[in-house]
2 protein chains.
Amino acid sequence: MNIENSIISEIFKEISFSKKEENLIENKLKKLDLKKGVTILKADDKVLNQYYVYNGCLRTYFIDKSGKEHTLQFAINDWWISDYTAFFTTTKAVMYIETIEEATIYQISKKSMEDLFIEIPQLETFFRKKMEKAFASFQKRILANLAQSAKERYVSFINTYPNIEQTVKNYHIASYLGITTETLSRIRKEMSLN
Amino acid sequence: MNIENSIISEIFKEISFSKKEENLIENKLKKLDLKKGVTILKADDKVLNQYYVYNGCLRTYFIDKSGKEHTLQFAINDWWISDYTAFFTTTKAVMYIETIEEATIYQISKKSMEDLFIEIPQLETFFRKKMEKAFASFQKRILANLAQSAKERYVSFINTYPNIEQTVKNYHIASYLGITTETLSRIRKEMSLN
DNA sequence: TGATTTTATTGACATACATCAATTTTCAGC
DNA sequence: GCTGAAAATTGATGTATGTCAATAAAATCA
């Protein structure tokens, strides 16, 4: 088993492929080694790819009309990342994607995915299930925004991503939670007192 | 073509089925005629089904620990509705679903869907694409909550659902936008002055 | 290691929105 | 059309979080 095949079985660990299928997939994946602070997608770009994070950390963010950044998602090992709205609807990106630390990712194009879905139907099921999970986590996030205070959201954030504070800046977390860095700082202080 | 088949071609209008396939689907769908104010799903219920809204209006909402309701979604003609997080993960509901006005809906179970996906692969594609759209609208909603004021969110709400104000109560809209009815009332007043 | 830049913290004050209580308006059922 | 209940509005006031400015701490790099 060569390196690429072991990656394939790592990415799609739920599925076992024939040698032929593995080769098919292998030809569609492109490995990218990225330094910290690299932007791989900008607003208005065409969104042709999604990315599998092998290691490192990336984030997607949105810049609103007043110039403020809002983090939609962090992606670490074994997560998929893209501007999915644009990716699915074949419209232009509204999001930016950047590496927060050095990262190795695998790129796959929409076209390749559609081809693969025809050749290997289990892949469609695989991505449908990934989508279902991502959908569920977005739902949870919407409910959290509606029902919880900034402090409560911060607490569930650090429970959900226990090690992420070593990697990401406070202003990334604040922009994910929908608060300012000052407010986050005050919440952290208050928590450290109790 | 009997009544049921015309419903099937209405629900799955993008797909053309063989007679045999139509019969397969027909046997999995159950029609429900519901009065206004009927709850079809409660928190802690097992979520075995999703529902296609033929007409009328429903909403899914969440009750937080302080007893407040938060509307996640409205569903009108040609929308699918369920507590998807629970539906996908086969866990218990956290959401409630109720009719806001008289409605006709079609129920399909998770088990039936899985069976149908094997028999009719285009159905898996159909639902994957529905899921992608729903995912995109959730993403939009998260970004709106992060980036927009209550007034801006209200304006985009009435643009997205232009006729819904005739059907739903202000407190439904407020609970969808994450504000109180009083604040919504003040926003409406302010808008009527300009 | 020290210099410089980036990030985080703190304080004073502003503001959007919530809360509570009192009306007013709308709606449903008779 | 009348009556009571539900929904919406309004006013007074409270609070969580934002904004702006200053400083402190941490990270980067020559």
Side-chain angles (χ1 to χ4, degrees), chain A residues 35-39 56-57 59 61 63-71 74 98-102 144-158 164-194, chain B residues 35-39 56-57 59 61 63-71 74 98-102 144-158 164-194:
Chain A
K35 298 222 169 111
K36 180 178 174 172
V38 175
T39 297
C57 184
R59 69 164 184 142
Y61 63 97
I63 300 183
D64 71 23
K65 56 187 195 303
S66 74
K68 260 183 227 154
E69 289 185 8
H70 304 277
T71 298
F74 296 104
E98 67 171 16
T99 54
I100 286 180
E101 59 177 8
E102 212 180 358
N145 281 334
L146 292 174
Q148 295 182 275
S149 70
K151 184 177 176 182
E152 288 170 320
R153 278 178 277 140
Y154 174 64
V155 170
S156 33
F157 178 80
I158 53 179
I164 211 162
E165 278 188 291
Q166 281 82 60
T167 306
V168 310
K169 304 292 179 203
N170 276 1
Y171 61 78
H172 292 147
I173 298 177
S175 80
Y176 176 94
L177 296 174
I179 59 180
T180 59
T181 54
E182 292 95 331
T183 295
L184 178 55
S185 181
R186 286 172 187 125
I187 289 170
R188 287 154 67 90
K189 188 184 183 188
E190 191 198 341
M191 286 173 62
S192 71
L193 298 177
N194 301 337
Chain B
K35 297 225 168 106
K36 180 178 173 172
V38 175
T39 296
C57 184
R59 69 166 184 140
Y61 63 97
I63 300 183
D64 71 24
K65 57 187 194 305
S66 74
K68 259 184 230 157
E69 289 184 8
H70 304 277
T71 298
F74 296 104
E98 67 170 16
T99 53
I100 286 180
E101 59 178 7
E102 212 180 356
N145 281 335
L146 292 173
Q148 294 181 277
S149 69
K151 185 178 176 181
E152 289 170 319
R153 279 178 276 139
Y154 174 63
V155 169
S156 34
F157 178 81
I158 53 178
I164 211 163
E165 279 190 291
Q166 281 83 60
T167 306
V168 310
K169 304 294 178 200
N170 276 1
Y171 62 79
H172 292 148
I173 297 176
S175 80
Y176 177 94
L177 297 174
I179 59 179
T180 59
T181 54
E182 292 94 330
T183 296
L184 178 55
S185 180
R186 287 174 185 122
I187 289 170
R188 287 154 67 91
K189 188 185 182 185
E190 191 198 339
M191 286 173 62
S192 71
L193 299 178
N194 302 338

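Letters go in sequence order (proteins before strands), and every chain restarts at 1.
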Tell me: [atom1] of [X] to [atom2] of [N], nearest whole Å?
X	N	atom1	atom2	answer
Ile187(A)	dT10(C)	CD1	C1'	15 Å
Arg186(A)	dT17(D)	CZ	P	12 Å
Ile179(B)	dA16(C)	CD1	P	14 Å
His70(A)	dG18(D)	NE2	P	11 Å
Leu146(A)	dA16(D)	CG	P	19 Å
Gln166(B)	dA8(D)	CD	P	13 Å
Glu69(A)	dT7(C)	CD	P	11 Å
Glu190(A)	dT9(C)	CD	C1'	15 Å

Would you mind telling me which of [options] lies closest to the side-chain atoms of [X]?
X	options	answer
Thr180(B)	dG11(D), dT9(D), dA18(C)	dA18(C)
Thr183(A)	dT9(C), dA28(C), dT17(D)	dT17(D)
Glu182(A)	dT10(C), dT19(C), dT9(D)	dT10(C)
Ala150(A)	dT17(D), dT19(C), dT19(D)	dT17(D)
Lys169(A)	dA18(C), dT7(C), dT9(D)	dT7(C)

For Glu102(A), I'd like to know if atom CD has over 12 heavy atoms of other residues, nucleotides or ligands within 6.0 Å.
no

Is a side-chain donor or acceptor of Ser175(B) paired with a backbone partner of Thr71(B) at a separation under 3.5 angstrom?
yes

Between Tyr176(A) and Phe157(A), what is the ring plane arrangement, given parallel below 30°, perpendicular above 60°, and tilted in between?
tilted

N or O in side chain of [X] less than 4.0 angstrom from [N] OP1/OP2:
X	N	answer
Lys151(A)	dT15(D)	no
Asn170(A)	dA26(D)	no
Lys36(B)	dC27(C)	no

Under 4.5 Å between any side-chain heavy atoms of Lys35(B) and Thr99(B), yes or no?
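No; the side chains remain at least 4.5 Å from each other.
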
Between Arg153(B) and Ser185(A), whichever has its closest DNA chain C nucleotide further toward 5' is Ser185(A)

Criterion side-chain contact (heavy atoms from CB on, under 4.5 Å) on Arg188(B) and Asn170(B), from CA distance to verdict
CA-CA 10 Å; Arg188(B) 287 154 67 91; Asn170(B) 276 1; 3.4 Å; yes

